Asker: 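This is the structure I have questions about; it appears just below.
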Amino acid sequence: MTENTQPSAIRRNPLLEAAQEEMLKFERRENEFRKKDRDERAAELRLPLDEIKVH
């Protein structure tokens, strides 16, 4: 029975890898967007971001 699951696991692997890569790309873009947004809001409020620690 394990012989039947191996071929389908091999076929799903590239799809899983592509999905993971897309998620990583999305997370990078989201992080960049959040940083840019935070910087813009800080500039509008004239807040020094180097003194603020964001977790």
Side-chain angles (χ1 to χ4, degrees):
M1 201 149 156
T2 56
E3 293 175 25
N4 291 339
T5 59
Q6 286 179 344
S8 62
I10 291 170
R11 277 182 274 162
R12 278 185 269 156
N13 222 5
L15 182 61
L16 178 61
E17 289 174 10
Q20 288 173 336
E21 183 61 33
E22 288 301 314
M23 181 59 80
L24 286 173
K25 288 179 188 177
F26 171 79
E27 289 174 349
R28 283 186 215 115
R29 285 191 311 264
E30 181 68 15
N31 287 340
E32 290 170 9
F33 172 79
R34 287 182 182 190
K35 182 182 183 310
K36 182 180 175 185
D37 184 54
R38 185 176 63 239
D39 291 344
E40 289 173 357
R41 285 185 285 127
E44 288 174 9
L45 297 172
R46 298 179 185 184
L47 294 176
L49 275 184
D50 9 346
E51 296 177 15
I52 300 173
K53 301 264 181 170
V54 179
H55 296 278

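Only heavy atoms go into these numbers, but all of them, side chains included; no hydrogens, no water, no symmetry mates. Keep in mind that this is a model prediction, so the values were computed, not measured.
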Asker: Is there side-chain contact between Leu24 and Arg28, with at least one heavy-atom pair below 4.5 Å?
Answerer: yes
Asker: Quick one: CD on Glu17 to CD on Gln20, what's the gap to the nearest 0.5 Å?
Answerer: 7.0 Å
Asker: Does Glu32 pair with Lys36 as a salt bridge, N-O distance under 4.0 Å?
Answerer: no
Asker: Per the side chain to side chain contact (heavy atoms under 4.5 Å, CB included) rule, which among Arg29, Met23, Lys25 passes with Glu27?
Answerer: Met23
Asker: Under a 4.0 Å N-O cut-off, is there an ion pair linking Glu44 with Arg41?
Answerer: no
